[in-house]
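These numbers come from a predicted model, not from an experiment. Side chains are part of it too, since the values below use all heavy atoms of this structure and drop only hydrogens, waters and symmetry mates. We name chains A, B, ... by the order of the sequence lines, and we start the count at 1 in each one.
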Amino acid sequence: MKTSYHPQKIEGKWQKIWAKQGFPKKSGGKGKFYILDMFPYPSGDGLHVGHVENFTATDIYARFKRFQGYDVLRPMGWDAFGLPAENFAIKTGIHPKVKTLQSIKTFKRQMQSIGLSYDFSREINTSSPEYYRWTQWMFLFLYKNGLAYRKKAKVNWCESCQTVLANEQVIDGKCDRSGDIVMQKDLEQWFFKITDFVEPTKTKTGKKISGLLSGLEKIDWPESTKAAQKHWIGRSEGAEVTFYVADTEEEIRVFTTRLDTVYGCTYVVIAPEHPIVAKLLNFQNKEEVKKYIEKSKKKTDLERTELNKEKTGICLQGVEVVHPFTGERLLVYIADYVLATYGTGAVMGVPAHDERDFAFAKKYQLEIKTVIEGEASADPNQEGAYTGDGRLVDSKEFSGLTSEEAREKMAVWLRKEKLGKKVVNYRLRDWLISRQRYWGAPIPIIYCDDCGAVPVPDKNLPVKLPTDVDFRPTGESPLVSSKSFHKVQCPKCGAKARRESDTMDTFVCSSWYYLRFADPQNTKAFASKKALAKYLPVDFYMGGAEHTVLHLLYARFFAKALMKYGYLSFDEPFQKLCHQGMILAENGQKMSKSKGNVVNPDQVVVELGADSLRLYEMFMGPLEDMKAWNTKSIIGLRRFLEKVWRLGESIQNGESSIKNKDAETALHRTIKKVTEDLEELKFNTAISSLMICLNAFEKTNGISSILYSQFLILLSPFAPHIAEELWAGLGKEKSIFLAPWPQYDAKKIMAETTNIAVQVNGKVRTVIVVTNGTSADDVKAQALTDEKVKDHLAGKTVKKIIYIPGKIVSIVIG
RNA sequence: GGGCAAGUAGCCGAAUUGGUAUAGGCGCCAGUCUUAGGAACUGGUUCCGAAAGGAGUGAGGGUUCGAGUCCCUCCUUGCCCACCA
């Protein structure tokens with residue numbers, strides 16, 4: 001028997017109705033609920049099945065929350081600036097704006113074709129002047145409060161493309177387009193002071209703002225994501241120790257987390273970029289040192305990381321430093337395994353207790369002094385460093401202390417002698433936001449010979465992206481080639497001035513977009529206080545795990561900075577966060593254009609329908625898990641919908657209107673399960689329970705339209721089109737999404753009898769049927785008289801009987 | 001090297017959080033209906049065994065009346081970070 005279920009006929013119809021009338025709104029009075037998807041970059045390839053997974057999951061959740069009576073905010077927008085559109089422009093000459101708008105159109109069409117219930121009246125596009133006007137405002141806000149500053153910094157440079165590259169364009173130290181090795185180049189760059197917010201701060205009125213670290217403790221995020229952020233911030237407690245350069249006033253300060261090993265320090269190493277090198281030009285091998293520094297400057301990231309086994313360095317001949325504890329004179333080396341950007345850019349060499357120092361000392365034949373002995377004292381002849389804690393030896397008055405005690409006492413001593421102190425260091429560095437790129441928000445700064453860097457006055461925002469530019473790479477930002485862009489007067493003194501030609505990292509645009517959705521058309525502020533108070537913070541945020549650190553950290557930084565200056569009243573923007581697992585190709589590989597294994601959701605929609613696609617992606621497995629696509633399996637979900645449809649037809653024809661107890665029990669169990677699973681985002685098991693319910697319906701002679709309509713409501717968040725259609729088929733006039741969510745009756749779930757397993761010495765021997773309400777003693781007695789159990793008990797004594805009500809009887813015999 | 005996940009049928013996965021392992025789906029097998037079907041429906045489907053029974057959740061140990069679930073050791077896979085002193 002063929003059904004008349006034709007998704008192609010009904011899905012478009014309902015999509016049009018939803019788009020025209022807006023999503024049916026219930027007046028539930030439960031308050032607001034802000035559900036947000038990480039907004040996509042509108043790529044030319046269209047929607048990926050991974051997007052579908054993400055957006056369907058939030059769509060189901062949003063529809064469920066609306067059923068519960070929440071005022072759900074569910075917006076969508078476009079993270080529209082970025083490299084692919086610009087690279088495409090370089091190749092084809094087609095303006096990024098044109099290409100971007102095209103892609104957005106495709107994305108939107110695809111989103112609507114799978115029935116996603118977005119409020120497109122709030123749509124935003126980060127590349128529109130109406131939006132980036134406020135991105136520029138954000139920049140100026142940070143600048144005016146001392147949280148944006150300019151300094152010389154290294155950038156990635158591709159010689160063959162004649163351009164600066166963003167970090168994400170550098171793959172394994174090579175340019176992702178030309179494949180050439182990426183060089184480092186010093187340029188003036190803008191930074192945001194994200195490091196100011198690692199530890200808690202306060203607003204002017206004294207309200208507490210949690211730090212980027214401490215704030216993690218109060219939000220409902222995956223533990224792995226929190227751990228990754230913690231690790232990225234990399235807080236480490238240690239000490240700074242001053243080594244005076246012998247016979248001079250100069251000093252080298254080192255950072256160490258292992259102050260307890262200080263007596264094992266036999267030399268000091270500084271980074272090639274360390275400022276002291278310029279001050280100490282009296283060493284004998286000046287030329288060689290210069291050469292080494294030049295060479296390491298030219299070294300690529302690739303070389304610095306790949307060659308990490310063989311450490312290089314050079315001794316500053318004639319320079320010695322004084323060991324602060326012993327007064328010994330030690331040699332000083334320059335080596336590029338020491339990073340200028342971490343700690344003080346200098347380390348004390350303790351080869352006996354640090355792997356890297358050990359390798360370095362071996363190579364340059366430096367003294368190795370053991371000062372820590374581990375509990376299980378390792379073979380002294382063994383190659384390598386002992387890096388664990390232990391007890392101090394050969395450390396004068398500190399000998400005999402444990403590492404932990406020594407770190408405390410030595411720090412006290414340093415402080416007293418003014419030779420150092422305890423310090424905390426972070427791995428996290430300030431955020432470099434300059435990009436020498438066209439397709440981004442221009443940095444709203446004007447440079448004047450007299451006034452220096454002058455912010456563009458608010459009334460002149462936005463600083464619009466010019467259109468008279470050459471996209472071909474020249475070594476400068478394409479904006480430099482625009483005449484209209486550059487002709488500008490200093491806002492302070494009126495003299496001829498020039499504009500900053502760099503644009504902002506696209507992560508700046510996405511660091512605050514979730515605020516704009518509250519009030520997307522506002523021209524006076526990025527959002528009104530009233531709108532922010534109504535919808536923010538985001539209650540549920542969902543997106544790929546690839547944004548575990550950068551985007552999610554930057555967005556938190558923005559919230560904290562804005563709160564500090566009174567623009568927001570919360571310090572964590574995303575209360576609950578969830579990552580969908582990646583969807584792989586059928587063979588378990590990553591989907592990629594080059595491998596030709598990308599699944600196009602459009603094709604599935606055409607062949608089997610949007611509802612089948614939605615159900616399939618949710619049924620594949622747990623939301624957060626990585627899972628492989630399997631085209632064959634989609635048919636199972638389509639079959640399920642066919643059955644639902646057929647049952648609906650039989651009810652419409654009046655074939656079955658008898659009340660059936662088994663069907664009722666099945667329904668109420670399903671109401672319970674689906675409701676619970678929806679709240680926990682366990683969509684795979686929710687769908688499974690709907691299938692079980694339908695199978696039960698089919699086993700009965702027929703079901704009433706009341707039971708069936710309740711079932712449809714449970715199905716509707718997952719498969720909205722078919723649910724709406726069948727609901728209408730039952731003669732209902734209003735949308736199914738205005739119906740009340742079904743409630744289960746605990747009495748109807750309970751069966752009259754329960755099957756209890758009986759174990760003898762841990763093995764299940766039989767299952768007995770027990771009438772509900774039977775006393776524990778009676779159940780035990782019933783178990784003991786069971787024939788199969790008796791066989792196993794023959795000739796043995798019963799030592800113990802354990803009864804877990806409703807579950808199991810466990811008999812222990814000897 | 002560090003951090004985080006995860007290993008259950010032929011495949012995707014369930015398992016009331018320590019209580020009958022393998023629900024639901026795919027696939028496969030048989031049957032029904034059909035001119036026919038790769039449609040639909042019904043039944044079956046962890047392995048060994050004729051059965052009784054036995055084995056069984058990456059491997060090995062432990063705790064427990066009872067372990068997929070808790071503890072220890074190891075193996076494998078995936079992801080992220082990685083010379084951070």
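Side-chain atoms of A:Asp354 lie closest to B:A85 of the nucleotides B:C26, B:A85, B:G43. Residue A:Trp232 has its side chain nearest to B:A82 when only B:U17, B:C41, B:A82 are considered.
For B:U45 and B:A23, the C1' atoms lie 15 Å apart once the distance is rounded to whole Å. Of the C1' atoms belonging to B:U57 and B:C81, the separation is 32 Å, rounded to the nearest Å. Nucleotides B:A51 and B:G7 are separated by 33 Å at their P atoms, to the nearest Å. Rounded to whole Å, the separation between the C1' atoms of B:A14 and B:G25 comes to 11 Å.
Between the side chains of A:Ser236 and A:Asn425, not a single donor N or O lies within less than 3.5 Å of an accepting N or O. Counting only N and O atoms by type, the side chains of A:Thr344 and A:Glu240 include no donor and acceptor under 3.5 Å apart. For the residue pair A:Thr387 and A:Glu355, no side-chain donor N or O sits within less than 3.5 Å of a side-chain acceptor on the partner.
Using bins of under 30°, 30° to 60° and over 60° for the plane-to-plane angle, the ring pair A:Phe243/A:His323 lands in the perpendicular bin.
Taking 4.0 angstrom as the limit, A:Arg646 places none of its side-chain polar atoms (N or O) nearer than this to OP1 or OP2 of B:A40. Side-chain N/O atoms of A:Arg253 include none lying less than 4.0 angstrom from OP1 or OP2 on B:A85. The phosphate of B:A14 has OP1 or OP2 within less than 4.0 Å of a side-chain N or O from A:Asn684. Taking only side-chain nitrogens and oxygens, A:Lys682 never comes nearer than 4.0 Å to OP1 or OP2 of B:U16. For the pair A:Arg639 and B:A40, the criterion of a side-chain N or O lying under 4.0 Å from OP1 or OP2 is met.
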Seminar exercise, completed: The contact string for nucleotides 60-69 of chain B, one letter per nucleotide 5' to 3', using protein heavy atoms under 4.0 Å with B, S and - for base, sugar-phosphate only and none, comes out as -----BS---

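Nucleic acid contact class of A:Lys799 (heavy atoms, under 4.0 Å, all strands): none. Counting non-hydrogen atoms under 4.0 angstrom, A:Pro222 reaches nothing in the nucleic acid. Using a 4.0 Å heavy-atom distance criterion, A:Thr548 is classed as making no nucleic acid contact. No engagement by A:Arg235 is indicated, since no non-hydrogen atom pair under 4.0 Å with the nucleic acid exists. Across all strands shown, A:Asn695 has heavy atoms under 4.0 Å from sugar-phosphate atoms exclusively, and none from any base.
Shown here, B:U17 is classed syn by the O4'-C1'-N9-C4 or O4'-C1'-N1-C2 angle, which is within 90° of 0.
Between the NE2 atom of A:His547 and the P atom of B:C79 there is a distance of 18 Å, rounded to whole Å. Remark: C1' of B:G24 and CG of A:Leu615 are 13 Å apart, rounded to the nearest angstrom. Atom CZ in A:Arg669 sits roughly 16 Å away from atom P in B:A23 (whole-Å rounding). Atoms CD1 (A:Ile233) and P (B:G2) sit 22 Å apart, rounded to a whole Å. Look at CG on A:Leu623: it is 15 Å from C1' on B:G13, rounded to the nearest Å. In this entry the distance linking CG of A:Leu647 with P of B:A40 reads 17 Å, nearest Å. If you take CD1 of A:Ile756 and C1' of B:U16, they are 14 Å apart, rounded to a whole angstrom.
Within the structure, the salt bridge (charged side-chain N to carboxylate O under 4.0 Å, His left out) test picks out no pair touching residues 341-350 of chain A (sequence neighbours left out).
Separation of atoms CD1 (A:Ile634) and OG (A:Ser612) is listed at 8.5 Å; rounding is to 0.5 Å. Rounded to the nearest 0.5 angstrom, A:Ile194 CD1 and A:Leu428 CG are separated by 5.5 Å.
In terms of position on RNA chain B, the residue among A:Ile687 and A:Val347 whose nearest nucleotide sits closer to the 5' end is A:Ile687.
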Could you tabulate the donor-acceptor pairs under 3.5 Å formed by side-chain atoms of residues 676-683 of chain A, not counting sequence neighbours?
unit_1   : atom_1 : unit_2   : atom_2 : d
A:Glu676 : OE2    : A:Lys672 : NZ     : 3.2
A:Asp677 : OD1    : A:Lys673 : NZ     : 3.4
A:Asp677 : OD2    : A:Lys673 : NZ     : 3.4
A:Asp677 : OD2    : A:Thr685 : OG1    : 2.8
A:Asp677 : OD2    : A:Ala686 : N      : 3.2
A:Glu679 : OE1    : A:Lys65  : NZ     : 3.3
A:Glu679 : OE2    : A:Tyr61  : OH     : 3.0
A:Glu679 : OE2    : A:Lys65  : NZ     : 3.4
A:Glu680 : OE1    : A:Lys682 : NZ     : 3.4

May I have the list of side-chain donor-acceptor pairs in residues 803-814 of chain A shorter than 3.5 Å, sequence neighbours left out?
unit_1   : atom_1 : unit_2   : atom_2 : d
A:Tyr803 : OH     : A:Gly806 : N      : 3.4

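Taking the six-membered ring for Trp, A:Tyr364 and A:Tyr267 have ring centres at least 6.0 Å apart.
Both tests hold for A:Arg556 against A:Trp221: distance to the six-membered ring centre under 6.0 Å, angle to the ring axis within 45°.
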For this session: Please step through side chain to side chain contact (heavy atoms under 4.5 Å, CB included) for the pair A:Thr257 and A:Arg407, ending with a clear verdict.
Result: CA-CA 9 Å; A:Thr257 54; A:Arg407 286 194 281 267; over 6 Å; no

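Judged purely by atom type and a 3.5 angstrom limit, A:His353 has no side-chain atom pairing as donor or acceptor with the backbone of A:Gly264.
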N/O contacts under 3.5 Å, protein versus nucleotides 5-12 of chain B?
unit_1 : atom_1 : unit_2   : atom_2 : d
B:C12  : O2'    : A:Met620 : O      : 2.6

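Counting only Watson-Crick and G-U wobble pairs whose two key distances fall under 3.5 Å, RNA chain B forms stems of three or more stacked pairs at B:1-7 with B:75-81, B:10-12 with B:24-26, B:27-32 with B:40-45, B:46-48 with B:53-55, B:58-62 with B:70-74.
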